[in-house]
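Working notes, structure below.
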2 protein chains.
Amino acid sequence: MSTPRDPDTTFLTADALLEHWQGHRRLTRRVIEAFPDDRLFTFSAGGMRPFAQLATEVLQMIAPTMRGVLEDEWSAGGYGEPGPSDKAGLLAAWDEADGVLANSFARIPAKRFREQANAFGLWTAPIYTTLLYLIDNEVHHRGQGYVYLRMLGIAPPAFYERRAQLPEPGETDAP
Amino acid sequence: MSTPRDPDTTFLTADALLEHWQGHRRLTRRVIEAFPDDRLFTFSAGGMRPFAQLATEVLQMIAPTMRGVLEDEWSAGGYGEPGPSDKAGLLAAWDEADGVLANSFARIPAKRFREQANAFGLWTAPIYTTLLYLIDNEVHHRGQGYVYLRMLGIAPPAFYERRAQLPEPGETDAP
């Protein structure tokens, strides 16, 4: 028999979580870019929302969640508002949310991740659960964007490719 | 100025990660169940694989990954083999992988999560990255299953519902 693992064993540090999340955000940004400008806002399947609306939902969750985590003020401010109406605007809003995430995340106190909070009056759970929800929601909707791209005859970016800089065509790819 | 956070700050413990993963697996199981038996193996969009194949990929990654994590033996054994050919078989294989996950995860030593490993000769990364990849891959493909279900006119299970037991119709829902 091996010794039971200490229940406080770290799976993931806060810094590693942020890096993981930012990798997902880089990939989702590439998925936005892969859509033709008009199809981004118009194409959908099965009565679902176009990818621009899914991406807008994902990015609009960041600022209110960070405010809730840092100030325990859980109002939806900004979430659900009409989003950008063209690709350039969506990418700019995406990048702005990246800045909010990076600046806010660095200021979350260590003990905060395991504290319970009633997020937006919707659920009561440890803060880490609410943060994981945002990442899961992004991966979920991005997967739907992959279907849309395939239906449009466009090859999506590689799912495992999360680096900030991709090699240029012809360059050696040494990650 | 606040004090910088200790870089070893825990975002998520190993036990919490397993619980989070198992919640995702419960939801994906419900997505498999939501498909009509034949459409599960035949319906697809954009030239992609039917959901049964996506779910088979997801479940076949578990045993080889756990073997790699526990024994540093990274062979694909089982992965890529022909999967189950009906819904009952797929659900049985899904549940079997749940058992492998629970039994194996409990035996992963605390220090192992941050060790580097060359997973399947494909990438070298900390073990936690490889485990997160499996969860991300499941959420990604499940999101695609949601599109298939919507295209079939079927409402998918709620994305946020990860509990083992759902209330019966008419029961009070007190999570």
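Everything numeric here is computed off the predicted structure, so don't read it as measured data. Hydrogens, waters and symmetry mates are skipped; everything else that's a heavy atom, side chains included, is used. In the text below, chain A, chain B and the rest are named by the order of the sequence lines, each starting its count at 1.
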TODO: Against chain A, work out which of B:P109, B:P126, B:A110, B:A45 has the most heavy-atom pairs shorter than 4.5 Å and name it.
DONE: B:A110
Open item on the list: Just so I understand: if I count every heavy-atom pair under 4.5 Å between each of A:D136, A:L18, A:V139, A:T124 and chain B, which residue has the most?
Closed with: A:D136
- [ ] Indicate yes or no: does B:D95 engage B:R25 in a salt bridge with an N to O separation below 4.0 Å.
- [x] no
Open item on the list: So which residue, B:D8, B:L132, B:D15, B:I127, ends up with the most heavy-atom pairs under 4.5 Å with chain A?
Closed with: B:L132
TODO: Report yes or no: does B:K87 contribute a side-chain atom to a donor-acceptor pair with the main-chain N or O of B:P36 at less than 3.5 Å?
DONE: no
TODO: Pick one of side chain, backbone, both or neither for B:F159, based on which atoms fall under 4.5 Å of a heavy atom in chain A.
DONE: side chain
TODO: Select, from B:Y160, B:F105, B:Y148, the one with the greatest count of heavy-atom pairs under 4.5 Å involving chain A.
DONE: B:F105
TODO: Describe, in one word, how the ring planes of A:F35 and A:F51 are oriented to each other, choosing from parallel (under 30°), tilted (30 to 60°) and perpendicular (over 60°).
DONE: parallel
Open item on the list: Can you tell me how far apart OG (B:S44) and CE (B:M151) are? Round to the nearest 0.5 Å.
Closed with: 8.5 Å
Open item on the list: Need one label for B:L17: side chain, backbone, both or neither, based on atoms under 4.5 Å from any heavy atom in chain A.
Closed with: side chain
Open item on the list: Any carboxylate oxygen within less than 4.0 angstrom of a Lys/Arg side-chain nitrogen, looking at B:E115 and B:R112?
Closed with: yes
Would you list the atom pairs, donor with acceptor, under 3.5 Å between side chains in residues 52-64 of chain B and any protein atom, with sequence neighbours excluded?
{"residue": "B:T56", "atom": "OG1", "partner": "B:A52", "partner atom": "O", "Å": "2.7"}
{"residue": "B:E57", "atom": "OE1", "partner": "B:R49", "partner atom": "NH1", "Å": "2.8"}
{"residue": "B:E57", "atom": "OE1", "partner": "B:R49", "partner atom": "NH2", "Å": "3.2"}
{"residue": "B:E57", "atom": "OE2", "partner": "B:N137", "partner atom": "ND2", "Å": "2.9"}
{"residue": "B:E57", "atom": "OE2", "partner": "B:H141", "partner atom": "NE2", "Å": "3.1"}
{"residue": "B:Q60", "atom": "OE1", "partner": "B:G80", "partner atom": "N", "Å": "2.9"}
{"residue": "B:Q60", "atom": "NE2", "partner": "B:E81", "partner atom": "O", "Å": "3.1"}

Task: Among the listed options B:T129, B:L149, B:I108, the residue most often paired with chain A at heavy-atom distances under 4.5 Å - done: B:I108
- [ ] Measure distances from B:L152 to the heavy atoms of chain A and classify the residue's part below 4.5 Å as side chain, backbone, both or neither.
- [x] neither
